[in-house]
Protein chains: 2
Amino acid sequence: MREAHKTEATEDYVELIDDLICVNGEARLVDVASRMGVTQPTASKTLARLQRDGYISSEPYRSIFLTPMGKSLADESRLKHEIVFEFLQTIGVSKEAAKRDSEGMEHHVSDETLKAFKKLIRQYKS
Amino acid sequence: MREAHKTEATEDYVELIDDLICVNGEARLVDVASRMGVTQPTASKTLARLQRDGYISSEPYRSIFLTPMGKSLADESRLKHEIVFEFLQTIGVSKEAAKRDSEGMEHHVSDETLKAFKKLIRQYKS
DNA sequence: GTATAAACTAAGCCTTGGCTAAATTGTAAA
DNA sequence: TTTACAATTTAGCCAAGGCTTAGTTTATAC
Ligand SMILES: [Mn+2]
Ligand SMILES: [Mn+2]
Ligand SMILES: [Mn+2]
Ligand SMILES: [Mn+2]
């Protein structure tokens with residue numbers, strides 16, 4: 001569908017996998033599925049696609065790793081996510097709404113918009 | 001997928017149909033398809049779903065009408081779209097980027113965020 | 001008023017992202 | 001070491017949203 005649309009799942013997955021590796025030391029299917037709110041077979045199929053497309057690597061029944069490409073997409077996605085999240089709170093949106101909205105908006109903000117967000121965050125801080 | 005996700009297509013379609021009716025006097029499949037950037041059969045199938053779900057009505061080979069439900073969703077969607085579009089420009093994003101980003105962001109902004117956007121637009125105007 | 005072109009529909013295919021149910025593998029307790 | 005449970009995979013289903021190709025219907029031009 002919409003250009004940005006197609007990569008949304010990919011972005012959310014790699015970001016989550018990176019997070020799990022940071023926090024838990026490894027990313028397991030069962031945790032990916034539960035955090036994404038889908039069943040294990042669903043997560044498993046999506047991860048197969050991510051592997052096919054070169055974002056992750058894993059052996060059968062073993063935990064999941066990010067490829068360099070996957071890692072850089074994860075970093076980029078998290079950065080966007082955090083900026084949008086912080087921006088919304090900065091302009092007065094509640095943490096809960098900011099959390100929900102940023103989860104969707106993150107996939108649609110261009111670098112230009114991101115820059116404007118960062119600028120406003122700085123302005124508010126001073 | 002993501003909750004807001006599922007309604008994105010619906011929102012874009014009813015908003016477009018309403019626009020076509022306003023501008024052209026009627027909404028025809030050929031125009032819906034071209035504006036959505038999809039083939040006519042694709043638009044046709046989506047419109048069938050919209051009709052099934054009660055957003056539009058139309059007779060075979062005739063133009064498309066919005067039901068009351070479709071019209072109110074269209075109005076709501078356009079309002080969101082316009083506010084996001086104006087907001088982005090207000091904080092310094094170019095018209096082109098604002099157009100692109102608002103087209104995606106519009107589906108993910110809660111009423112709370114929308115209110116914060118409106119407030120900032122007012123502040124900038126004064 | 002008929003031919004021709006444009007618009008629309010029908011049929012059939014694909015991918016993604018959901019699900020359930022069942023089989024397999026890995027791990028930890030007994 | 002066997003056994004049981006947890007994790008993963010496999011298989012098969014569904015809906016949405018995309019496509020192409022081919023057939024119908026409507027509208028236009030002559
Ligand atoms: Mn994210
Ligand atoms: Mn997200
Ligand atoms: Mn819109
Ligand atoms: Mn849109």
Side-chain angles (χ1 to χ4, degrees), chain A residues 1-17 20-21 23-65 70 73 77 103-104 106-108, chain B residues 1-17 20-21 23-65 70 73 77 103-104 106-108:
Chain A
M1 198 202 258
R2 297 249 148 310
E3 315 75 51
H5 242 207
K6 262 195 348 200
T7 51
E8 282 191 38
T10 302
E11 289 172 14
D12 284 338
Y13 270 85
V14 295
E15 195 187 336
L16 171 56
I17 290 164
L20 287 171
I21 291 172
V23 171
N24 298 350
E26 65 174 350
R28 294 160 54 94
L29 173 64
V30 63
D31 299 314
V32 171
S34 98
R35 286 271 298 267
M36 291 298 294
V38 298
T39 61
Q40 290 181 207
T42 294
S44 184
K45 202 198 287 190
T46 302
L47 292 174
R49 182 172 57 75
L50 260 55
Q51 182 154 23
R52 183 200 67 194
D53 295 344
Y55 293 101
I56 67 171
S57 69
S58 78
E59 308 283 307
Y61 293 95
R62 297 263 87 96
S63 65
I64 303 141
F65 301 91
L73 181 60
S77 299
E103 184 58 54
E106 60 172 341
H107 310 287
H108 302 276
Chain B
M1 196 202 260
R2 299 247 148 311
E3 315 74 50
H5 242 208
K6 264 196 344 201
T7 51
E8 282 190 39
T10 303
E11 289 171 14
D12 285 338
Y13 270 85
V14 295
E15 195 186 335
L16 170 57
I17 289 164
L20 288 170
I21 290 172
V23 171
N24 298 349
E26 64 173 350
R28 293 160 55 94
L29 173 64
V30 63
D31 298 314
V32 171
S34 98
R35 286 272 297 268
M36 290 298 296
V38 297
T39 61
Q40 287 182 208
T42 293
S44 183
K45 201 198 287 192
T46 302
L47 291 175
R49 183 172 57 75
L50 261 56
Q51 182 154 22
R52 183 201 67 194
D53 295 344
Y55 294 100
I56 66 171
S57 68
S58 80
E59 309 283 308
Y61 293 96
R62 296 264 87 95
S63 64
I64 302 140
F65 301 91
L73 181 60
S77 299
E103 185 57 53
E106 59 172 342
H107 310 287
H108 302 277

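Being a predicted model, the structure only gives us computed values, none of them experimental. Chain naming here is simple, since letters A, B, ... match the order of the sequence lines and numbering starts at 1 in each. Quick note: numbers below take in every heavy atom, side chains included, and nothing from hydrogens, waters or symmetry partners.
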So, OP1 or OP2 of D:dT8: does either fall under 4.0 Å of a side-chain N or O from A:S44?
no
Counting only side-chain nitrogens and oxygens, does B:T42 get under 4.0 Å of the OP1 or OP2 atom of D:dG17?
no
Interatomic distance, [X] [atom1] vs [N] [atom2] [rounded to whole Å]:
| X | N | atom1 | atom2 | value |
| --- | --- | --- | --- | --- |
| A:E59 | D:dT9 | CD | P | 11 Å |
| B:L50 | D:dA15 | CG | C1' | 15 Å |
| B:R49 | C:dT9 | CZ | C1' | 18 Å |
| A:L29 | D:dA7 | CG | P | 10 Å |
| A:I56 | D:dT8 | CD1 | C1' | 14 Å |
| B:M36 | D:dG18 | CE | P | 7 Å |
| A:R52 | C:dC14 | CZ | P | 14 Å |
| B:Q40 | D:dG17 | CD | C1' | 16 Å |

Is there side-chain contact between B:L20 and B:R35, with at least one heavy-atom pair below 4.5 Å?
yes
Within a strict 4.5 Å, meaning less than it, do heavy atoms of the A:Q51 and A:I64 side chains meet?
no
Regarding A:H108 and B:E103, is there a side-chain donor-to-acceptor distance under 3.5 Å anywhere?
no
For the residue pair B:T10 / B:T7, report whether a side-chain donor-acceptor contact shorter than 3.5 Å exists.
no
Of all the nucleotides listed (D:dT9, C:dG18, D:dG18), which has the minimum atom distance to the side chain of A:V38?
C:dG18
Selected nucleotide, minimal atom distance to A:K45 side chain, candidates C:dG18, D:dT8, D:dT20:
C:dG18
For B:R28 and B:T46, find the nucleotide of DNA chain D closest to each by heavy atoms; which residue's nucleotide sits nearer the 5' end?
B:T46
Could you tell me which non-hydrogen atom of B:I17 sits nearest to which non-hydrogen atom of B:L47, and how far apart they are?
CD1-CD2, 3.8 Å
Pick base, sugar-phosphate or nothing for B:P41, based on heavy-atom distances below 4.0 Å to the nucleic acid.
base
Using the closest heavy atom to pick a nucleotide of DNA chain C for each, name whichever of A:P60 or A:A9 lands nearer the 5' end.
A:A9
